[in-house]
Amino acid sequence: MSKQDNDQYIDWFRHSSPYINAHRGKTFVLMLGGEALADPNLTHIVHDVALLSSLGVRLVIVFGTRPQIEERLQKRGIPTRLHHHQRITDAATLECAIEAAGVLRTLLESQFSMGLSNTPMHGARIRVCSGNFVTARPAGVVDGVDLGHTGELRRVDHQAIRRQLDMNNIVLISNLGFSPTGEVFNLSSEEVATQTAISLSADKLILFGSEGGITDSHGDLRSELLAATARRWVTQYLAGIENPAEAHTETARLLQAAADACEEGVPRCHLISYQRDGALIAELLTRDGSGTMIVRESYEQIRTAEIDDVGGILELIAPLEEKGILVRRSRERLEMEIERFTIIERDGAIIGCAALYPFHEEQVGELACVAIDHHYRGGERGDRLLAALEDRAKTLDLSKLFVLTTRTAHWFIERGFKEASLDELPGEKKALYNFQRNSKVFFKPLG
């Protein structure tokens with residue numbers, strides 16, 4: 001490893017520590033479809049799951065068997081029968097489903113049992129358990145069609161699962177459910193994962209798909225999506241599908257599951273790719289993540305700064321001070337003026353700030369120290385921050401805002417600021433004007 005790579009690794013590891021601390025002791029439900037279990041990247045996913053377990057995360061893995069069932073049906077010459085996108089599970093199909101679930105459970109148990117030297121699993125001593133945690137009932141006859149052994153989830157034994165998690169075991173749950181009469185039913189893995197997360201009051205539901213998340217109309221990855229938006233997207237998508245066979249796509253299923261979980265109290269759901277090496281770690285231990293997070297309410301907020309935010313603001317503005325874009329501020333000055341600042345906080349990290357200094361006699365306010373983390377520019381955060389400061393200025397009965405800038409004049413001009421002379425500055429500010437910086441003055445009236 002080169003020195004540069006080593007430095008980058010150390011920097012990444014240091015910045016991951018807040019997420020490690022935040023996730024310790026939390027409960028995550030991971031859904032791995034049969035496609036993920038057949039992908040060559042499964043070994044890396046297992047290594048990453050083992051890492052999370054070693055960091056104190058309580059883990060439940062729900063796995064599906066769709067392609068494995070299909071493979072067995074084809075080998076036996078049994079046709080696949082669907083009704084309203086649900087598999088009709090006759091006795092022969094149920095036999096294939098039970099066989100597939102058993103084989104995949106054994107595969108996962110063997111993967112988590114690895115402990116060879118010079119591998120990520122060395123010394124992990126991972127213990128996994130599975131059992132009849134899911135109670136199901138028959139889906140019955142739907143529109144005149146008997147779905148056979150296709151079932152609906154009735155109950156998840158969350159107390160039994162918690163006991164296993166308390167012993168630091170990883171819990172494996174298949175897409176099979178069991179009835180009090182001893183019958184076995186074939187369930188949707190998305191339904192099992194969603195209801196398991198809800199029953200456990202899990203902190204996260206992580207859904208692995210072939211795609212790395214949801215992209216917008218420009219092909220850019222959406223790092224965050226509100227649950228209501230996700231549900232609306234599914235509704236619009238299904239309405240636009242002419243061929244009903246195409247409606248039950250993986251993306252639609254996963255988004256629907258995430259929206260259901262969020263609306264029933266799971267704080268965050270994540271859609272990530274099972275094909276990308278390290279997607280799970282990148283999603284959970286880095287600020288930007290690797291996929292799309294579905295939340296009931298946005299986890300990015302604008303609020304008034306507090307004394308504990310001083311360190312984060314200093315870290316944010318330091319690169320801009322080095323370039324001469326912002327005037328240098330000492331920690332002592334920032335501590336004294338912290339109530340003037342408004343910040344954008346994203347998942348505990350400060351990614352934007354701005355300060356408002358009122359001049360009550362002239363009824364004007366200075367907008368200063370406007371900064372957005374370079375990783376988060378382009379998302380209209382600057383506009384939201386400006387709007388928040390304008391609202392704050394109005395509550396102080398100010399009629400105008402002004403700003404002194406050397407490098408960002410066009411940004412302010414595009415938002416209604418107009419260049420003015422030094423004579424228009426409040427007397428106190430004019431007396432402190434730094435002619436060496438030669439900042440331009442811009443004013444904006446507040447409507």
Side-chain angles (χ1 to χ4, degrees), residues 300-346 348-374 376-377 379-420 422 424-434 437-446:
E300 188 172 296
Q301 61 171 326
I302 295 180
R303 62 173 176 83
T304 302
E306 301 172 353
I307 193 66
D308 290 341
D309 299 317
V310 169
I313 295 174
L314 286 172
E315 184 177 351
L316 172 67
I317 65 178
L320 299 176
E321 292 177 343
E322 290 290 336
K323 295 178 181 178
I325 298 174
L326 294 180
V327 177
R328 289 186 180 274
R329 282 172 170 78
S330 66
R331 175 179 286 273
E332 292 74 15
R333 179 185 173 186
L334 191 54
E335 289 176 351
M336 292 176 59
E337 300 176 348
I338 193 63
E339 74 279 359
R340 306 291 189 196
F341 279 77
T342 296
I343 63 169
I344 304 178
E345 183 182 41
R346 179 184 174 91
I350 296 173
I351 64 168
C353 73
L356 176 65
Y357 296 88
F359 295 83
H360 292 288
E361 185 175 343
E362 294 88 348
Q363 289 188 305
V364 300
E366 180 187 8
L367 186 65
C369 200
V370 180
I372 301 293
D373 187 301
H374 70 278
Y376 296 96
R377 291 171 191 163
E380 299 183 350
R381 293 179 176 88
D383 295 285
R384 290 166 50 206
L385 195 57
L386 176 59
L389 268 295
E390 288 179 354
D391 289 341
R392 189 173 179 181
K394 291 175 184 177
T395 65
L396 297 174
D397 294 324
L398 305 181
S399 60
K400 291 190 233 178
L401 286 179
F402 73 87
V403 64
L404 301 178
T405 181
T406 58
R407 305 275 289 277
T408 56
H410 279 202
W411 190 88
F412 289 104
I413 292 171
E414 291 167 2
R415 284 148 184 84
F417 285 80
K418 293 184 178 180
E419 190 169 0
L422 293 180
E424 295 183 55
L425 290 174
E428 181 182 347
K429 186 66 183 180
K430 184 178 178 181
L432 296 174
Y433 181 80
N434 186 341
R437 280 181 61 83
N438 195 27
S439 301
K440 291 186 177 182
V441 180
F442 294 88
F443 271 82
K444 179 181 181 180
L446 296 174

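All heavy atoms count here, side chains included; hydrogens, waters and symmetry mates do not. Please read all numbers here as calculations on a predicted model, not as lab measurements.
When the salt bridge (Lys or Arg N to Asp or Glu O under 4.0 Å) test is applied to R328, the partners found at least two apart in sequence or on another chain are E322.
T408 places no side-chain N or O within 3.5 Å of a backbone atom of W411 that could act as its donor or acceptor partner. Side-chain atoms of R407 come within 3.5 Å of backbone atoms of K323 as a donor-acceptor pair (strictly under, hydrogens ignored). Panel note: side chain R437, backbone G324; a donor-acceptor pair is recorded below 3.5 Å. Checking side-chain atoms of D391 against main-chain N and O of A388 turns up no donor-acceptor pair under 3.5 Å. For K444 (side chain) and R415 (main-chain N/O), a donor-acceptor pair under 3.5 Å exists by modelled atom type. For the pair Y433 (side chain) and S439 (backbone), a donor-acceptor distance under 3.5 Å is present. R381 places a side-chain N or O within donor-acceptor distance of the main-chain N or O of Y376, the cut-off being under 3.5 Å.
Between A371 and I317, the shortest heavy-atom distance links the atoms CB-CG2, 4.1 Å.
Ring geometry, F417 versus F412: the interplanar angle exceeds 60°, so the pair is classed perpendicular (tilted spans 30 to 60°).
For E339, the CD atom counts as densely surrounded, since its 6.0 Å shell holds more than 12 non-hydrogen atoms of other residues, nucleotides or ligands.
Atom CG of L398 sits about 11.5 Å away from atom CD of E390, to the nearest 0.5 Å.
A donor atom on one side chain and an acceptor atom on the other are not found under 3.5 Å apart for T342 and R303.
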